[in-house]
Engineer: 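Before we start, here is the structure in question, set down as structure tokens.
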Amino acid sequence: MAVVRITKELKGDIINASMAKFRPSIEAAQDSKPDDVWGDYIYDKVWGPYRERMEALPKEFFSYKEAIIIRRVGAVDMSFIATFSQPYPIATLADSHLIDKAWGESYILKAAFEWQDLMLAADAWRERCDRALARRTAFIDGVNSVLDTFTTLAPALKAWPPLWELVPGRVKTQHKEIKERAKSDKPSIDTAKLGAMTGALTAIKLGGM
């Protein structure tokens, strides 16, 4: 009797569909960087002590910038634009305990007391990103456990019906055309994990992830 087998190709399609389910929540976490309110503060701390002397020289001595790019805050790789309230003169810093020049027109904020509030905001952003990635990893691990437990699609769907949402259309059509007898053997599977996976899919539909 014909059956739909869980092939390597089908597993790949289902895992890709699982990744896509979590893409919006991961992108939302990555986009949830601190508001662009740090520009003047960063400038005042780094270049502020020299501003009066810089502005006493001809403007041609310096680049006047309306913003700079920050590549990292302390230990957190978090790229964002720090916008100034007006164009400010920027001088190259040979040595600073506050900032390193990265590449091009971008900078790294060193771990320093002056950046403690921004570092807290960066840490919170990284935690949001890590949580979003961890939810996806846990979900995909669960999907893999289902796919590795069964060799054909029908019993896998019986054990965890929400798997149907992740099955590609061509396979759904094939499955519907096949009448498959239920197998007598019932491989053991972690029902608590299946419940958590179902909850994750429900949360995605409700916009909670």
Engineer: I'd like to know whether CG of Leu57 has more than 12 heavy-atom contacts from other residues, nucleotides or ligands below 6.0 angstrom.
Structural biologist: yes

Engineer: Rounded to the nearest 0.5 Å, how far apart are CD1 of Ile81 and CD of Glu105?
Structural biologist: 12.5 Å

Engineer: Measuring only between side-chain heavy atoms, which start at C-beta, is Ile108 closer than 4.5 Å to Ile99?
Structural biologist: no

Engineer: In the structure I gave you, are the side-chain heavy atoms of Leu10 and Arg5 within less than 4.5 Å of one another anywhere?
Structural biologist: no

Engineer: Tell me, please, which residues at least two apart from Lys45 pass side-chain hydrogen bond (donor to acceptor under 3.5 Å, both in side chains).
Structural biologist: none

Engineer: Identify, with sequence neighbours excluded, every residue that meets side-chain hydrogen bond (donor to acceptor under 3.5 Å, both in side chains) alongside Arg53.
Structural biologist: none

Engineer: List the steps and the verdict of side chain to side chain contact (heavy atoms under 4.5 Å, CB included) for Val4 and Val167.
Structural biologist: CA-CA 11 Å; Val4 176; Val167 174; over 6 Å; no

Engineer: Would you say the side chain of Lys59 lies within less than 4.5 Å of the side chain of Pro89, judging by non-hydrogen atoms?
Structural biologist: no

Engineer: Under the side-chain contact (heavy atoms from CB on, under 4.5 Å) test, which residues partner Lys11, sequence neighbours left out?
Structural biologist: Ile6, Leu147, Asp148

Engineer: Going by the salt bridge (Lys or Arg N to Asp or Glu O under 4.0 Å) test, which pairs reach into residues 33-43, not counting sequence neighbours?
Structural biologist: none

Engineer: Would you check if Phe139 and Ser18 make a side-chain contact, meaning some heavy-atom pair closer than 4.5 Å?
Structural biologist: yes

Engineer: Go through the structure and list residues passing side-chain contact (heavy atoms from CB on, under 4.5 Å) with Gln86, not counting sequence neighbours.
Structural biologist: Arg51, Tyr88

Engineer: For residues 64-78, run the donor-acceptor check on the side chains, cut-off 3.5 Å, and write out each pair with its distance to 0.1 Å, sequence neighbours left out.
Structural biologist:
{"residue": "Arg71", "atom": "NE", "partner": "Ser106", "partner atom": "OG", "Å": "3.2"}
{"residue": "Arg72", "atom": "NE", "partner": "Gly74", "partner atom": "O", "Å": "3.4"}

Engineer: So, using ring pair (Phe, Tyr, Trp, His ring centres under 6.0 Å) as the criterion, who are the partners of Tyr50 when residues are at least two apart?
Structural biologist: none

Engineer: Test of understanding: with side-chain contact (heavy atoms from CB on, under 4.5 Å), list the residues that count as partners of Glu9, not counting sequence neighbours.
Structural biologist: Thr7, Asp13, Arg170

Engineer: Before you tell me yes or no, could you show the steps for Tyr107 and Trp115 under ring-ring contact (aromatic ring centres under 6.0 Å, His included), namely the whole-Å CA-CA distance, both residues' side-chain angles and the distance that decides it to 0.1 Å?
Structural biologist: CA-CA 14 Å; Tyr107 298 84; Trp115 311 134; over 10 Å; no

Engineer: Who pairs with Lys172 by salt bridge (charged side-chain N to carboxylate O under 4.0 Å, His left out), at least two apart in sequence or on another chain?
Structural biologist: none

Engineer: From Arg136 CZ over to Ser25 OG, what is the distance, rounded to the nearest 0.5 angstrom?
Structural biologist: 8.5 Å

Engineer: How about Thr151 and Val3: do any of their side-chain heavy atoms sit closer than 4.5 Å?
Structural biologist: no

Engineer: Taking side chain as C-beta onward, heavy atoms only, is Ile90 less than 4.5 Å from Met54?
Structural biologist: no

Engineer: Using every non-hydrogen atom in the two residues, find where Trp47 and Ala91 come nearest and quote the distance to one decimal.
Structural biologist: NE1-O, 2.8 Å

Engineer: Do Arg128 and Ser32 have a side chain donor and acceptor closer than 3.5 Å?
Structural biologist: yes

Engineer: Donor-acceptor pairs are to be reported for all side-chain atoms of residues 116-126 against protein atoms at under 3.5 Å, with residues two or more places apart or in another chain.
Structural biologist:
{"residue": "Trp125", "atom": "NE1", "partner": "Ala29", "partner atom": "O", "Å": "3.2"}
{"residue": "Trp125", "atom": "NE1", "partner": "Gln30", "partner atom": "O", "Å": "3.1"}

Engineer: Once side-chain hydrogen bond (donor to acceptor under 3.5 Å, both in side chains) is applied, do any residues pair with Ser63, and if so which ones, sequence neighbours excluded?
Structural biologist: none

Engineer: Report the residues that fulfil side-chain contact (heavy atoms from CB on, under 4.5 Å) with Pro162, sequence neighbours left out, ordered by chain and then residue number.
Structural biologist: Trp160, Thr198, Leu201

Engineer: Measure the NE2-OG1 distance between His175 and Thr152 for me, rounded to the nearest 0.5 Å.
Structural biologist: 9.5 Å

Engineer: One pair to check against side chain to side chain contact (heavy atoms under 4.5 Å, CB included): Ile140 and Phe22. What are the steps and the verdict?
Structural biologist: CA-CA 10 Å; Ile140 289 176; Phe22 285 83; 5.9 Å; no

Engineer: Over all heavy atoms of both residues, which pair between Ala159 and Phe150 is shortest? Give the atoms and the distance, please.
Structural biologist: CB-CZ, 3.6 Å

Engineer: So do Leu98 and Leu109 actually touch side chain to side chain, heavy atoms under 4.5 Å?
Structural biologist: no

